[in-house]
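Contents: one structure, followed by commentary.
Both counts, for ligands and for their atoms, begin at 1 and track the order of listing.
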Amino acid sequence: MVELAVSDLITDSQFHQRKESLRGNGTKQEYMIPFFSFAIDAECPGTWARAGTIHTPHGTIRTPIFMPVGTQATVKSVSPEELRAAGAQIILSNTYHLMLRPGSELIAAFGGLHSFMHWDGPIMTDSGGFQVFSLGHLCKLSEEGTAFKSHLDGSPHLLTPESVMRIESELGADIILPLDICAPYPYTPVAAKETMERTHRWAVRALVAKEEYRPEQTLFGIVHGAFEAELRRESAHFVGDLPFPGLSIGGLSVGEPKQLMWEMLHEVTPALPREKPRHLLGVGSPEDFVVGVGLGMDMFDCALPTRVARHGGLFTPGGRVNIKSARFRTEHGPIEEGCACYTCRNYTAAYVHHLARAEELLYFRLGTIHNIRFMLRLASQLRESIIAGTYPAFRDEFIARYKPSSEKVREEQREKWKTARSHIV
Ligand SMILES: [Zn+2]
């Protein structure tokens with residue numbers, strides 16, 4: 001495709017000049033390429049699942065899609081080439097981490113994230129709000145923004161809706177998010193309403209501030225409202241009516257029972273505009289991906305598939321297995337029969353088991369590649385089932401077959417990660 005987008009940092013007027021020159025020389029198709037578009041290719045008649053196509057300046061994304069998380073401008077342990085080979089179409093990176101280290105100005109000086117990290121596909125950046133919120137006592141909220149101390153060196157910082165637009169323009173992702181407030185769980189209804197209303201005011205400020213920066217970046221709005229059905233609907237209407245080309249659903253998967261998260265999506269989705277893509281922030285275990293698609297979500301991001309891989313948890317159609325367990329010690333077959341990932345094509349489960357037990361560096365790469373491939377294959381299967389009109393059966397069969405880790409294990413892991421996050425983020 002024509003690279004309308006720029007991987008280096010240029011001013012708006014330079015960008016328009018470049019775009020105009022493309023128009024002059026280009027074909028009709030080039031002329032028509034917008035910075036961002038979303039088209040619905042198919043909808044499931046029995047659920048809210050849909051298959052769509054998103055165009056961004058760095059490429060096309062077929063939805064539903066899972067976005068691997070590259071917190072520090074890298075999906076841990078794998079190269080961009082390996083990500084591509086595993087089927088990744090778009091990745092998500094974290095503004096909070098990158099603004100502190102190495103700094104958004106430095107990344108801008110290297111031509112933005114795409115060029116800095118050598119990933120030429122679409123990128124989304126979050127706003128940093130969630131990570132700042134998880135700093136707890138190190139974070140102070142006001143109408144102006146969020147003041148916090150760096151987890152790296154204790155230095156003070158202030159994020160405002162306006163400064164986040166500047167930082168994200170320096171990072172240069174294709175899709176960016178505005179500063180929001182993630183209400184904690186548990187919460188009080190009064191606090192939920194106050195934080196939602198402030199997030200709405202910040203959304204409007206972000207839209208105004210964005211005008212100063214790069215037009216080729218697309219700003220999504222974020223729907224909040226904690227776990228209050230009425231607030232969720234209100235937020236969906238308010239944010240959905242603003243001129244955001246896409247919407248993220250925030251503030252879910254923050255420690256609440258799973259059922260509560262699904263109940264909130266039941267409330268939110270019917271209140272969202274049909275024509276805008278919907279991103280479920282921070283959710284992306286295999287089973288949540290499959291269920292979330294049926295509740296109308298198009299895009300998912302989550303560090304879980306790559307994080308559990310590094311700890312030995314690998315996905316198979318029958319559920320998550322622990323590659324370190326003794327049953328793999330003499331396994332001649334791959335981790336997953338029929339998986340076309342680099343790991344399964346070339347290595348026995350016994351070898352991967354050995355690497356994991358010995359904590360060899362190659363294990364992190366092989367385990368991560370497999371889980372990313374699993375998630376992206378699942379994305380393709382979901383899309384195909386929606387187009388074929390068989391999504392409900394696919395979902396039911398997947399859920400019946402796939403055994404996630406038990407709720408108790410999940411709780412323990414969640415607590416452990418929350419504690420770890422509050423210290424090292
Ligand atoms: Zn595999």
Can I get a per-line list of side-chain donor-acceptor pairs under 3.5 Å for residues 332-342, giving both atom names and the distance, sequence neighbours left out?
unit_1 : atom_1 : unit_2 : atom_2 : d
Glu336 : OE1    : Arg377 : NH2    : 3.1
Glu336 : OE2    : Arg377 : NH2    : 2.5
Tyr342 : OH     : Tyr347 : OH     : 2.8

Protein N/O/S atoms closer than 2.8 Å to the Zn ion (ligand 1), ordered by chain and number, come to Cys339 SG, Cys341 SG, Cys344 SG, His370 ND1
inquiry  = Please check this pair: side chain of Asn94 against backbone of Tyr96, looking for a donor-acceptor N/O pair closer than 3.5 Å.
reply    = no
*Is any side-chain heavy atom of Phe374 closer than 4.5 Å to a side-chain heavy atom of Pro305?*
no
Show me the donor-acceptor pairs, under 3.5 Å and distance only, between side chains in residues 104-113 and residues at least two apart or in other chains.
unit_1 : atom_1 : unit_2 : atom_2 : d
Ser104 : OG     : Glu170 : OE1    : 2.7

**Study point:** Aromatic Trp48 / basic Arg278 pairing, under 6.0 angstrom, 45° off normal
**Key:** no
Sorted by chain and residue number, the ring-ring contact (aromatic ring centres under 6.0 Å, His included) partners of Tyr391 (sequence neighbours excluded) come out as none
